Amino acid sequence: MIKTDICIIGAGPVGLFAVFEAGLLKMRCHLVDSLPAIGGQLSEIYPKKPIYDIPGFPSILAHELVDNLKKQIDPFNPTFTLGERVEGLRKLDDGSFELTTSDKTIIHCKVVAIAAGLGCFEPRRPELPNIINYEGKGVSYMIKDPETFRDKKIVIAGGGDSALDWSIFLSDLAKEVTLVHRNESFRGAPDSAEKVVELAKEGKINLLLSANLTAIKGDGKLEAITITGKDKKATELEADYLIPLFGLSPKLGPIAEWGLNLDKNAIEVNTFDYATNIPGVFAIGDINTYPGKLKLILCGFHEAALMAQSAFAFVYPNQKLSFKYTTVNGVNAF
Amino acid sequence: MISFEVEDLQGEVKTVEVPEGISLSLMEVLKASEYPIAATCGGMALCATCHVEVVKGFDDLPAFTDPELDMIDTLPNATSESRLACQIHVSEKLNGALFKLKETVEE
């Protein structure tokens, strides 16, 4: 079990800066992020894009801002759990919290700061009304153990890099691989696209272009998939597994189940200290909402500073907080 | 005035009018017109919550950007007339167009 003062959910710019503000007040932080790297959107989506509204930086690349934030918080030795999603939040009798991740990591903390930005990235579902019934029963949105697919009949849907790469990889392992793509051509890496076409010619991949999934069926588990081409002709394919790879879309995820007051997928907070309706749980950055909210990194930084002041009372209930400037006192690491 | 039509998820079609010379994307206009668009990413072509199907006027619209094409290519419910409203700058080119909303907002 990991023990910390503040568990920060989300290692984007605001979550990272919260470590600094907490550190100045001698509070230790542990960060959890569903992505495998720190930086959130800045690392995952636009690392090479310049940001123009960080005070003191006329222009800074997103990944440089993440690098700088990391350097700024290093003296406070934050710890990280990356590539795991926080699933459960439980308040214990003494007012502290226990968080559980998707990989069953348990984190015990006195304060929770949700800095989850857009939410967590989840796979997009194809538009098949009954697909939910087959999830885990033949339909799988990610490949954890390729051995599952040995000697099976697999249908992969999608046209991006992951659809191409997995089709190539599984063509050696599975009994039959069918790749279904909506378009005539692929926008993924040209090398992978060429390889797929080559394997299709050799008969190792059954390539269905300009085609869509239109139905799935099976008794208790997936048995067959209907694919409809441009000519509206429907073909039924026997399949053990369907792997839809249509990219990721940000969703609020399990946070929605924690009893927090929400407004349109954002967490309602007060503007005194960005506290939620659960004492000891704060929400900062793009994930929160309040009258006048602006989704700006700089607003998230401000929210982190104010949050830390109130978090202090939960971490050190018997101490009085006296505000100190870093220019006077420096940054006292621990 | 620039005038185009919007079909919501219930199939109701309404005319939306915006002044010429306005510096907004179609996503911003739809949101301001109270359509249920999450626009989670704020207009960077990365969440596709502003996905629309262009029923009328597809060929008159401003060209696709690369990030827009990349994103649309990954959508399971995209059609050959799909666009991301956040990547369409509102101009006279939208006159007479009909946009059909494609994404439901999860409450």
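Just so it is clear: chains get the letters A, B, ... in the order the sequence lines come, proteins before strands, and each one is counted from 1. None of these values were measured; they are calculated from a predicted model.
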* **Separation of A:R182 CZ from A:L213 CG (nearest 0.5 Å)** => 11.5 Å
* **Members of residues 49-56 of chain B whose heavy atoms come closer than 4.5 Å to chain A** => none
* Looking at A:R125, A:Q41, A:E127, which has the largest count of heavy-atom pairs under 4.5 Å with chain B? -> A:E127
* To do: Kindly indicate whether the side chain of A:F301, heavy atoms from C-beta on, has any atom under 4.5 Å from the side chain of A:P13.
  => yes
* To do: Start with the C-alpha gap between A:R85 and A:E87, add the side-chain angles, then the distance that decides, and say whether salt bridge (charged side-chain N to carboxylate O under 4.0 Å, His left out) holds.
  => CA-CA 6 Å; A:R85 185 172 84 165; A:E87 300 286 333; 2.9 Å; yes
* Check: A:D161 side chain, A:A189 main-chain N or O, donor-acceptor pair, under 3.5 Å -> yes
* To do: Could you tell me which residues in residues 59-73 of chain B have at least one non-hydrogen atom under 4.5 Å from a non-hydrogen atom of chain A, sorted by residue number?
  => B:D66, B:L69, B:D70, B:M71, B:I72, B:D73
* May I ask you to say whether A:K217 pairs ionically with A:E236, meaning some side-chain N is under 4.0 Å from a carboxylate O? => yes
* To do: Taking atom types as modelled, find out whether A:N288 and A:E303 have a side-chain donor-acceptor pair closer than 3.5 angstrom.
  => yes
* To do: Assess the pair A:Y290 and A:Y274: is the distance between their ring centroids shorter than 6.0 Å?
  => yes
* Pairwise side-chain contact, B:E7 with B:L101, heavy-atom cut-off 4.5 Å (strictly under) -> no
* Asked: Does A:K295 NZ have over 12 foreign heavy atoms under 6.0 Å away?
  -> yes
* To do: Indicate whether any N or O donor in one side chain lies under 3.5 Å from an N or O acceptor in the other, for A:D263 and A:T289.
  => no
